[in-house]
Amino acid sequence: MNPVRRNRLIAVVFLAVGAAVTVGLVLVALNENINLFYPPDQIVSGAAPVDTRIRAGGMVEDGSVRRIGEGLTVEFVLTDHAGSAFPVQYTGILPDLFREGQGILVLGQLGGDGTFVAQEVLAKHDENYMPPELAELKGAGAGR
Amino acid sequence: MTLKELWHRLGSPRWFYQISGRLRLVLGLTALVLLVTGTVWGIAFAPPDYQQGNSFRIIYVHVPSALVAQSAYLLMGAAGVVLLVWRMKLADMVLAATVPFGMSMTALALFTGAAWGKPTWGAWWVWDARTTSMLVLLFLYMALYALRQAIPRPETAGRACAVLAVVGVINIPIIKYSVDWWLTLHQPATFRLTAAPAMPPEMWLPLLVNALGVYCFFGANLVGRLRLEILERERGTAWVRERLAGGQL
């Protein structure tokens, strides 16, 4: 390779590496802020701010969904299946994919008593897809 | 032909123009067959998902378009390096010719993602790491498009675009690994090179067909646009005039 091209190549490599390092450092510095939601262990341990609008996520614990009265209010527990869980209260229409065992994202405030009052509930879908017949065979198709 | 010879030949737009006519036809026809097969198969014959029902079928458009949008950007990054170091004319043309296709595919991936997100997640748009980095990709494509129009001197415009394309490549691993590095609402990758897909073959085969189809479509589109770029930029040269005079384009 002739010297002129080698110098240009070195300059391009510096440009690319410099940009990558800059972006990398920014992302590492912002790491916590890029996460879309707080997982259950951070809610339970108190790492999540209280009485501020935040997002929290987790799996709906089996058997924890209760309807309160005649209205649209429901209570359920979000867990990480690793020892941390917190109760959520929500008034409104739940997404189609909401069911026990499903990953869920809630937007709202964490109260001082550890109960999360949600204004919005989003369903998190995982990367697994299967036909209904297969789901029944596996016993995972509860709900629909 | 050795690799080195091919490298030197690529320096000649005329040679590329001569060989690419048939290549474009083959790629275009393959793309048509694959995309029609994959789409009909995916929409009419693949089984519905046990949770999402039929709305999961949007995956057959969403995943291929998102894949090719990122691959197209990687190609532009490589072309940018070649242009900056070797000053190859064809590299600049690749940089210019990829932008419209990549931009449309990114927009399509974002649109289909939103249309799927509404029934599945319960929201059209969520500012998580995956969706946001994909939006950044769309802005990068738009910036590359605008930058070329904004600089009147073609050579300067080409180099400016090459620098932006090379720097922007950093966004591609961020898109790819965003779902692993951070907590996002978007699910992890459906297709992985290292593991079997998390769905049965009758669901992922049409997806694979469509993915291959969209890559052929990209190839055909790129070659077609490159041929136009070559004619336009080389319009003053003897060989283009001869072809024009002979009526054989």
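Chain A is the first sequence line, chain B the second, and so forth, proteins listed ahead of strands; every chain is numbered from 1.
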Which portion of A:L105 sits near chain B, non-hydrogen atoms under 4.5 angstrom: side chain
From OG1 (B:T131) to CG (A:L36), nearest 0.5 Å: 7.5 Å
Contacting region of B:A189 [heavy-atom separation from chain A under 4.5 Å]: backbone
Residue part contacting chain A, namely of B:W127, when any heavy atom lies under 4.5 Å: backbone
Selection from B:V166, B:N171, B:T184 maximising heavy-atom pairs under 4.5 Å formed with chain A: B:T184
Euclidean distance, A:N2 CG relative to B:W86 CH2, rounded to 0.5 Å: 10.5 Å
Which of B:I59, B:I170, B:L185 touches chain A most, by non-hydrogen pairs under 4.5 Å: B:L185
Atom pair CG/OG of A:L97 and B:S55 - distance to nearest 0.5 Å: 8.0 Å
Proximity breakdown for A:V121 and chain B, heavy-atom pairs closer than 4.5 Å: backbone
Choice from B:D128, B:V85, B:V169, B:V179 maximising heavy atom contacts with chain A below 4.5 Å: B:V85
Closest-packed option against chain B by number of heavy-atom pairs under 4.5 Å, given A:V12, A:V4, A:I93: A:V12
Nearest atoms (heavy-atom pairs only) where A:A19 meets B:V167: CB-CG1, 3.8 Å
A:L27 side, atom CG; B:W181 side, atom CH2 - distance, nearest 0.5 Å: 7.5 Å
Stepwise side-chain contact (heavy atoms from CB on, under 4.5 Å) check, B:D49 with A:H125: CA-CA 12 Å; B:D49 181 61; A:H125 189 262; 4.1 Å; yes
Option in A:E120, A:R8, A:Q102, A:R5 with maximal non-hydrogen atom pairs under 4.5 Å from chain B: A:R8
Top contributor to chain B contacts, counting heavy-atom pairs under 4.5 Å, from A:V13, A:I34, A:L9: A:I34
